[in-house]
Amino acid sequence: MSDQPARWTQATVYPDMWADPDDDPRNSEGAGPDGELPTLQEYLRDYRLTLRMKCEGLDAEQLARRSVPPSTLSLLGLLRHLAEVERDWRNWITDGEPLPKLYGRRDADFDGAVADQAVVDAAYADLEREQAATDAALAGHADLGERLGKDSVSVRSLLVHRIEEYARHCGQADLLRECIDGRVGQ
């Protein structure tokens, strides 16, 4: 008997996928978006959705489960971390005073990811709120070359950086989820 969960997927059409194409909310019918901005926004949306999908169906203990000691990495920590970085990205594009950290000191996003349903609920609410606020802050800037904030960050650079951040953490989420219950897939 092993402590390791058996590998499995919900998909029946392609065994390396998370869900069958007809059940995957990231799949859209027809041609992809026209233009650079809609393409970047679609990739960001899909990575955000992928992270949520990797967390679906898990309880507070599973979401808070750490990868391997001494790492503090967990799915719940990733949710909290991405809420924190969404807020931080808004600080990049403002000329005003920076917003305070959501969770306090450095690494509190991961350190505070404990197996408590109230912490899980707050993490999802924080992430949704911070994503919406960053999206709203960028909504009036359709020119991807426009430079914003004290450091003159281009809208394009910020969008690409956001995609990169979510993509990296979705890769970590793949491994975390497989360690928790054996579920695999893109």
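A distance of 11.5 Å separates CG in Leu49 from OH in Tyr166, rounded to the nearest 0.5 Å. Remark: Arg129 CZ to Asp126 CG distance equals 4.5 Å, nearest 0.5 Å. With rounding to the nearest 0.5 angstrom, the CD atom of Gln41 is 9.0 Å from the CG atom of Leu138. Distance check: Leu176 CG to Glu178 CD gives 10.5 Å after rounding to the nearest 0.5 Å.
A salt bridge (charged side-chain N to carboxylate O under 4.0 Å, His left out) check over residues 79-92, counting only residues at least two apart or in different chains, returns the pairs Arg48-Glu86, Glu86-Arg162, Arg87-Glu130, Arg90-Glu130.
Heavy-atom contacts from other residues, nucleotides or ligands closer than 6.0 Å to CG of Asp34 number 12 or fewer.
Of the possible donor and acceptor atoms, none in the side chain of Lys150 sits under 3.5 Å from a partner among the backbone N and O of Ile93. Arg177 places a side-chain N or O within donor-acceptor distance of the main-chain N or O of Lys54, the cut-off being under 3.5 Å. Using a distance-only test at 3.5 Å, with no hydrogens or angles considered, no donor-acceptor pair links the side chain of Glu42 to the main chain of Thr39. Side-chain N or O atoms of Asp59 include one that pairs as donor or acceptor with a backbone N or O of Glu61 at under 3.5 Å.
The aromatic rings of His161 and Trp89 sit perpendicular, their planes meeting at an angle over 60°, well past the 30° parallel limit. Ring geometry for Tyr43 versus Tyr47: interplanar angle of 30 to 60°, hence tilted.
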Does the side chain to side chain contact (heavy atoms under 4.5 Å, CB included) test come out yes or no for Leu175 and Ser67, once each step is laid out? CA-CA 9 Å; Leu175 296 173; Ser67 57; over 6 Å; no

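Residues forming a side-chain contact (heavy atoms from CB on, under 4.5 Å) with Ser152 (at least two apart in sequence, or on another chain): Arg147.
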